Amino acid sequence: MQIIWFLAGFVGIEVLATLIHKYLMHGPLWFIHESHHRPKGRFELNDLFAVLFGGIGVWLLVSGSLAAFDFRFWMGLGISVYGGVYFYLHDVLVHRRAGKAKTPEWAYIKALRHAHRMHHKHVNKLPSESYGLLFFSWRYFREATQARGAKA
Ligand SMILES: [Zn+2]
Ligand SMILES: [Zn+2]
């Protein structure tokens, strides 16, 4: 059962973040999120969202572990692992915030970077696309696998 709660946390936070990104960050909270579309320095006001999501994960981890490691602990673990994966894919591999990093030659990674770069093609609040990170349009994945076939 724990694995179900773990996956619920992992997938749930991607879905929640996608909705928040689409309807709030590119909506009334654009004044915060704008700093991610027009970065000026090492840190962005938008990083507050990472702190917020991280806080939800930690809160679940702590309250779950105080209650004999109930479902909250496993959800919190899923959210925290997601946070690590998100940081690696989004901040390290797409935005290169940790300097040069070796990028795996996987079609999925290529497609994810392409999809997120398409999101950043837009520097204004609207319109934009590809609001999720791990889930994106099938079209990018198809393109990435075709490009690989053409090269081979
Ligand atoms: Zn955005
Ligand atoms: Zn981004």
Side-chain angles (χ1 to χ4, degrees), residues 3-62 72-151:
I3 186 75
I4 303 284
W5 287 115
F6 176 88
L7 289 175
F10 190 93
V11 176
I13 201 75
E14 160 86 7
V15 173
L16 184 70
T18 302
L19 294 173
I20 289 177
H21 187 194
K22 183 165 183 175
Y23 295 105
L24 293 177
M25 291 156 84
H26 282 260
L29 298 182
W30 173 250
F31 70 100
I32 299 174
H33 186 56
E34 185 182 14
S35 64
H36 183 54
H37 282 262
R38 304 172 186 189
K40 290 199 181 80
R42 198 160 168 74
F43 293 100
E44 303 161 4
L45 190 57
N46 184 65
D47 293 335
L48 282 177
F49 287 109
V51 176
L52 173 79
F53 286 120
I56 298 174
V58 169
W59 180 75
L60 285 166
L61 276 174
V62 171
R72 285 172 293 185
F73 175 81
W74 298 99
M75 268 186 104
L77 196 63
I79 291 172
S80 303
V81 170
Y82 175 88
V85 170
Y86 187 96
F87 179 79
Y88 173 66
L89 294 173
H90 178 258
D91 297 273
V92 177
L93 292 189
V94 181
H95 293 299
R96 305 287 180 199
R97 292 179 78 182
K100 271 203 167 78
K102 198 171 158 21
T103 308
E105 284 285 313
W106 303 343
Y108 174 76
I109 302 276
K110 273 205 182 100
L112 182 149
R113 293 181 67 213
H114 186 191
H116 194 69
R117 277 203 301 264
M118 290 309 282
H119 178 70
H120 279 282
K121 211 177 72 188
H122 309 273
V123 290
N124 294 316
K125 185 171 157 185
L126 292 168
S128 196
E129 59 182 299
S130 296
Y131 292 96
L133 187 74
L134 302 188
F135 301 126
F136 43 80
S137 165
W138 185 243
R139 150 170 79 93
Y140 294 112
F141 191 70
R142 218 171 36 220
E143 275 173 27
T145 46
Q146 279 166 358
R148 174 193 270 178
K151 209 166 57 179

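Counting starts at 1 for both ligands and their atoms, in listed order. Predicted model only: the values in this text are computed from it and were never measured.
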Could you verify whether a donor N or O on one side chain and an acceptor N or O on the other, from H36 and H21, lie under 3.5 Å apart?
no
Side-chain donor-acceptor contact under 3.5 Å, H37 with H122
no
Within the supplied structure, the quantity of interest is the number of heavy atoms (other residues, nucleotides, ligands) at a distance under 6.0 Å from R38 CZ; does it exceed 12?
yes
Keeping the roles fixed (side chain from S128, backbone from H119), state whether a donor-acceptor pair exists under 3.5 Å.
yes
Could you tell me whether the side chain of Y108 and the main chain of L134 form a donor-acceptor pair under 3.5 Å?
yes
When you measure from the Zn ion (ligand 1) to the N, O or S atoms of H37, does any of those distances fall below 2.8 Å?
yes
Angle subtended at the Zn ion (ligand 1) by H26 NE2 and H33 NE2, rounded to 10 degrees
100°
NE2 (H120) to the Zn ion (ligand 2) to NE2 (H36) angle, given to the nearest 10 degrees
90°
Of the N, O or S atoms in [X], the one nearest the Zn ion (ligand 2):
{"X": "H95", "value": "NE2"}
{"X": "H116", "value": "NE2"}
{"X": "H90", "value": "NE2"}

Between the CZ atom in F49 and the CE atom in M25, the distance rounded to the nearest 0.5 Å is 4.5 Å
Would you say H119 reaches the Zn ion (ligand 2) with an N/O/S atom under 2.8 Å?
no
